[in-house]
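All chains are named by letter (A, B, ...) in the order of the sequence lines, taking the proteins before the strands, and each is independently numbered beginning at 1.
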Amino acid sequence: MENRDKVKINQLFSRKKKMYTAAILIILAAVYIVAFLSTPFTIRSSSVSTLETLRRLFIEPLINPEYYSGYLEMIELMLETIAIAYAGVTVATIIAVPVGFLAARNLLGPLSYLAKALLNAIRAIPELIFAIIFVASVGIGPYAGVLAISINSVGMIGKLYAEVIESIDEEPLEAIRASGGNRIQVIWYGVLPQVLPEFVSYSLYRFEIDVRASTVLGIVGAGGIGAPLILATWQRNWEDVGMILIVVVVFVSIIDILSGQIRKRLT
Amino acid sequence: MIEFKDVSLVYPNGFKGLKNINLKIEKGEFVVIVGMSGAGKSTLIRSINRMVQPTSGQLIVNGRDITNLKDRQLRGLRTNVGMIFQSYNIVKRMSVLRNVLAGRLGHTGTLRSILGWFPQSDLQLAMRNLERVGIDSKAYQRASNLSGGQQQRISIARVLTQEPAVILADEPVASLDPPTSHKVMKDLKKVSKEDGLTTIVNLHFIDMAMEYADRIIGLRDGELVFDGPISEVTPETFVEIYGRPIKEDDLLGKDDEPEEVDLEDVVK
């Protein structure tokens, strides 16, 4: 066989493509330089040493029996927080299923972009803003928290659901259509059995996120453990802050582990 | 039963799938369509249940021109014409029995099917059909746990449960190994003869077509180039259909290999 020219491991790029890559690299470098220059790295010294604060945060609440009685109340508040997240993600799942179908390109065609745009808009607004709006409209308390969590979660799981639906095997759908099934039957017997495990898995994952999110909702009065947390930080009551953080860390870890185990078995 | 009157089909990209096909298939016939890939076999079969839309001519199924049926009538037609696919087209995450019941959807109201309230007679029918293709013991297993040949039998049971008058099979054994192919074709022929169904099968292996067909239809470049009972088929017929001499690749091989063994039954 005739010998080829020298074989290069990568395809040779055209001059235009090289220029393009260089331009991108220059822009990226500029962004980094601006970012570093505009961030002040100075540290202002405080009257209290950091070590002392850390000791009051994480050691004192654990070793001083004086604080032990406070945990019960914190755990109660944490359970309320988890309940907010659970109710929120349940409502979100119920709404996200139809929305997900509407946003799936393979079922709805170009119309799906409308639903996708709506979901993107929802996701762009932070939970805290929703929480503030709902506290203003339905009053202080966990109800506002549930509403804020559910709306925000629809934004994410609706989109994930749509992506799951878009990745299904469409051949069984063809079979149901070919046997005289109507549109709803195609969805019920062709699409749903293929997507349900992933739907449940994504809802659980979102529940993990929502538990973490609900812990800060109390800051704006939307219920849960966030209210005492923000109060304690304002008062520099580091022992209480520490107690709350310990409870949050323990519960969030437990939930993450459990939900992770369930998700692993689903698919 | 089925009559093509000057049917042509041009795809949107300009490709001519079918060219002036005239063809009449009687009730209860077992017809095999042969031809090279791209010859229009799938297009012909899929015209009959309007999965593709002929662009001219008339296509009569059960005394009725189906070329212009709308939504509801189209579903009625498809309820009466069952289909088997090359890649089985079953939902792998669903149980075998549920997959078979999916064949009943055309006969079942929307609300009933959503709730899963199939009449007991449908469930009996589904089980009986699973028994006929020899996989009734797997009714409650996930379809993905079954072998390729068994998965194709699920789809045969599904199509039987639909209780159609016509079965269309689009390359039903192209994804299976030779011995399994023969078993599946035997099953298909057996059940279609038992129920007196009109069956139209696409195959690209010549020996297989000769073994199972009552009648052979040859397509080449969208044109009908042969139509007759297998007694009229000569070696030259296939040269004509394929437009070239027959090669080893056009044959599947004899059905003399050992029977497919179900590992689960062996272990028990």
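- No more than 12 heavy-atom neighbours from other residues, nucleotides or ligands sit within 6.0 angstrom of OH on A/Y205.
- Rounded to the nearest 0.5 angstrom, B/I90 CD1 and A/D169 CG are separated by 10.0 Å.
- Other residues, nucleotides and ligands contribute over 12 non-hydrogen atoms within 6.0 Å of the CD atom of B/Q53.
- Annotation: A/I254, atom CD1; neighbour count of heavy atoms from other residues, nucleotides and ligands within 6.0 Å is above 12.
- Taking all atoms of both residues into account, the shortest heavy-atom contact from B/M94 to A/P193 is SD-CG, 3.3 Å.
- Contact annotation: the side chain of B/M83 never approaches that of A/S179 to less than 4.5 Å [non-hydrogen atoms, C-beta and beyond].
- The candidate from B/H107, B/R46, B/K92 with the greatest count of non-hydrogen atom pairs under 4.5 Å with chain A is B/R46.
- Taking a 6.0 Å sphere around CD1 of A/I140, one finds it holds 12 or fewer heavy atoms contributed by other residues, nucleotides or ligands.
- Proximity to chain A (any heavy atom under 4.5 Å) is restricted, for B/R158, to the side chain, taken from C-beta onward.
- You'll find the side chain of B/R75 stays beyond 4.5 Å of the side chain of A/Q185, heavy atoms only.
- Between B/F85 and A/E171, the closest side-chain pair of non-hydrogen atoms is not below 4.5 Å.
- Atom CG of residue B/D71 and atom CZ of residue A/R183 lie 7.0 Å apart, to the nearest 0.5 angstrom.
- No more than 12 heavy-atom neighbours from other residues, nucleotides or ligands sit within 6.0 angstrom of NZ on B/K24.
- Of the atoms belonging to B/V159, not a single heavy atom falls under 4.5 Å from chain A.
- Taking chain B as the reference chain and counting heavy-atom pairs below 4.5 Å, the highest number among A/A175, A/A178, A/G181 is found for A/A178.
- Of the listed residues B/S87, B/S155, B/G82, the one with more heavy-atom pairs under 4.5 angstrom with chain A than any other is B/S87.
- Counting heavy atoms from C-beta on, the side chains of A/Y189 and B/V91 never come closer than 4.5 Å.
- Here the straight-line distance linking atom CD of A/E174 with atom CG of B/D170 works out to 8.5 Å at 0.5 Å rounding.
- Looking only at heavy-atom pairs under 4.5 Å with chain B, the residue among A/I184, A/N182, A/L173 that has the most is A/N182.
- More than 12 heavy atoms of other residues, nucleotides or ligands sit less than 6.0 Å from atom NZ of B/K193.
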